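Each remark here refers to the structure printed beneath this line.
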Amino acid sequence: MESIKAPRGVRDILPDESWKWAFIFGVTRKIAEDFGYREVHLPIFEQTELFSRGIGETTDVVEKEMYTFSDRSGRSLTLRPEATASMVRAYLEHGMASGPQPSKLWCAGPMMRYERPQKGRYRQFWQLDFEAIGSASPLVDVEVIALSLEIFRRLGLSNLEVLINSVGCPSCRPVYRSALQGYLRERFDELCPTCQGRFDRNPLRILDCKVETCRAITDGAPDVRDHLCGECRSHFDEVLQGLDLIGAKFRIDKRLVRGLDYYTKTAYEVLSGDLGAQNAVCGGGRYDNLAEAIGGPHTPGVGFAAGLDRIVLTMEQQGLSFGREPSISVIVVVADEAARDEAVRLLYELRRAGVPSDMDTSGKGVKAQMKAAGAAKACCVCILGSSEVSRGVVALKEMATGSQEEIERERVVERLAAKMKAACC
RNA sequence: GUGAGCGUAGCUCAAUUGGUCAGAGCACUGGACUGUGGCUCCAGUGGUUGGGGGUUCAAGUCCCCUCGCUCACCCCA
């Protein structure tokens with residue numbers, strides 16, 4: 001019988017990697033606190049309509065990338081492909097509009113999308129998601145962008161590029177859309193087949209086509225900024241001014257558009273220069289019409305999602321530190337069977353005192369236990385044999401220096417705990 | 001969904017034109033050193049060569065299918 005493996009595009013995050021994730025969660029949690037964002041845990045599946053109405057029926061995500069299934073009662077459910085729609089749903093469902101605005105929330109968790117796996121792209125991937133819901137102020141856009149940049153700053157990431165643009169609103173985007181189509185129509189035959197297909201459905205996407213000929217054509221295309229309505233225009237200007245105010249570096253990119261329908265006004269993206277083709281480590285923007293799309297009252301909002309897998313990849317590529325990998329400090333070595341009970345007692349005293357400790361349970365010889373202690377990078381070893389037990393002492397050996405001394409059994413735990421606090425271990 | 005490359009022990013890789021080719025190193029276990037690690041030496045555990053089918057006297061090596069991996073397109077975090 002063939003052995004069962006993990007499904008395509010998903011992976012196990014094993015201990016050698018999971019501690020790095022924990023480090024990033026720690027940094028993120030502190031920043032959330034510093035910026036006043038509170039953590040929520042959302043369901044990983046929702047009613048399918050939340051996404052089809054929220055993200056947009058004709059988007060690639062909804063059309064061909066969702067894991068949709070019926071449960072036993074026939075409801076159509078979908079494994080969440082992103083978190084923003086769920087966050088807004090939760091905001092509406094729990095009447096958060098009656099609290100202080102904006103509601104500043106964040107969450108971390110896996111998202112699922114049926115895509116062809118490739119470097120930095122998995123069918124289950126993790127996102128850090130921050131949303132500020134209930135405010136139309138450009139200062140909130142600035143805060144959200146600043147927060148994402150602060151995560152990258154504290155993690156030590158470099159070689160990043162911050163791109164920003166405005167995609168307008170329902171009143172000015174159609175104007176720009178037709179202006180763009182008008183311009184492109186004359187050179188329609190020169191566009192790549194993909195872009196010819198995008199012409200009617202989503203002409204804005206033609207702007208970020210990678211094909212050389214398309215780029216040459218769109219170089220001279222009308223700029224969104226010249227077609228924004230007064231409100232979108234001033235909003236965009238205030239966002240840019242705010243970013244300047246706090247010293248954030250960014251580049252306005254008129255080619256930047258979004259693949260999800262709910263975006264309005266501000267759109268931004270953070271690109272890593274140390275990834276492959278999937279180089280966005282963070283993407284986000286404003287979505288003033290999302291709440292209405294899913295059946296709520298008009299509620300402005302802005303937020304971003306950062307790709308955890310891609311952040312880890314970039315950090316590894318740049319040789320950055322993930323803090324200290326947790327490891328066992330003390331190994332209790334049993335020299336002979338007569339000392340086993342005492343060794344177990346000592347082990348649990350150490351653990352209760354907060355000293356990371358372990359011992360062999362398979363009856364290995366002293367040499368093998370020592371070897372294991374070395375491999376586990378233990379700081380100290382407590383050796384207990386009948387000789388030590390009868391004299392009420394423990395042989396304490398420091399692995400780094402190899403020096404060994406006998407100390408009173410009563411004082412061992414206290415001594416090792418102190419050593420830990422002094423960060424000697 | 002499209003294209004290209006690749007799938008040999010837990011890991012990294014060997015195996016001339018198909019002919020003892022199923023191996024090495026690391027890791028793991030044990031021993032030399034019967035109560036002391038990192039070095040050295042020795043031994044052992046471990047693979048129906050991703051799976052299935054075909055060609056052949058003979059296939060890890062060739063052909064087909066399938067699954068998966070990698071990279072790119074596409075899309076996006």
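Lettering follows sequence order; numbering is per chain, from 1. As the structure is a computational prediction, the values presented were derived from the model and not from experiment.
Side chains of M96(A) and L105(A) form a contact here, defined as non-hydrogen atoms less than 4.5 Å apart.
Backbone-only contact: G9(A) has heavy atoms under 4.0 Å from sugar-phosphate atoms and none from a base. Residue contacts shown for G276(A) are limited to sugar-phosphate atoms, with no base heavy atom under 4.0 Å away. When heavy atoms are screened at a 4.0 angstrom cut-off, E388(A) is found touching base atoms of the nucleic acid.
Annotation: of the two residues near RNA chain B, Q404(A) and R113(A), the 5′-most nearest-nucleotide partner is Q404(A). Comparing Q118(A) and R8(A) by the nucleotide of RNA chain B that holds the closest heavy atom to each, the one mapping nearer the 5' end is R8(A).
Donor-acceptor pairing under 3.5 Å is lacking for the side chains of Y348(A) and S357(A). Checking S86(A) against E46(A) by side-chain atom types alone, a donor-acceptor pair falls below 3.5 Å. For the residue pair D253(A) / N165(A), no side-chain donor-acceptor distance below 3.5 Å is found, with atom types taken as modelled.
The P atoms of rU45(B) and rA24(B) are separated by 12 Å, rounded to the nearest whole Å.
Closest to the F125(A) side chain, of the nucleotides rA77(B), rG35(B), rG30(B), is rA77(B).
Contact of R121(A) with rC74(B) (side chain to base): a donor-acceptor pair of N or O atoms is detected under 3.5 Å. In terms of polar N and O atoms assigned as donor or acceptor, the side chain of K397(A) comes within less than 3.5 Å of the base of rG37(B) in a complementary pairing.
A 3.5 Å limit on both hydrogen-bonding distances identifies rU2(B) as the Watson-Crick or G-U partner of rA72(B).
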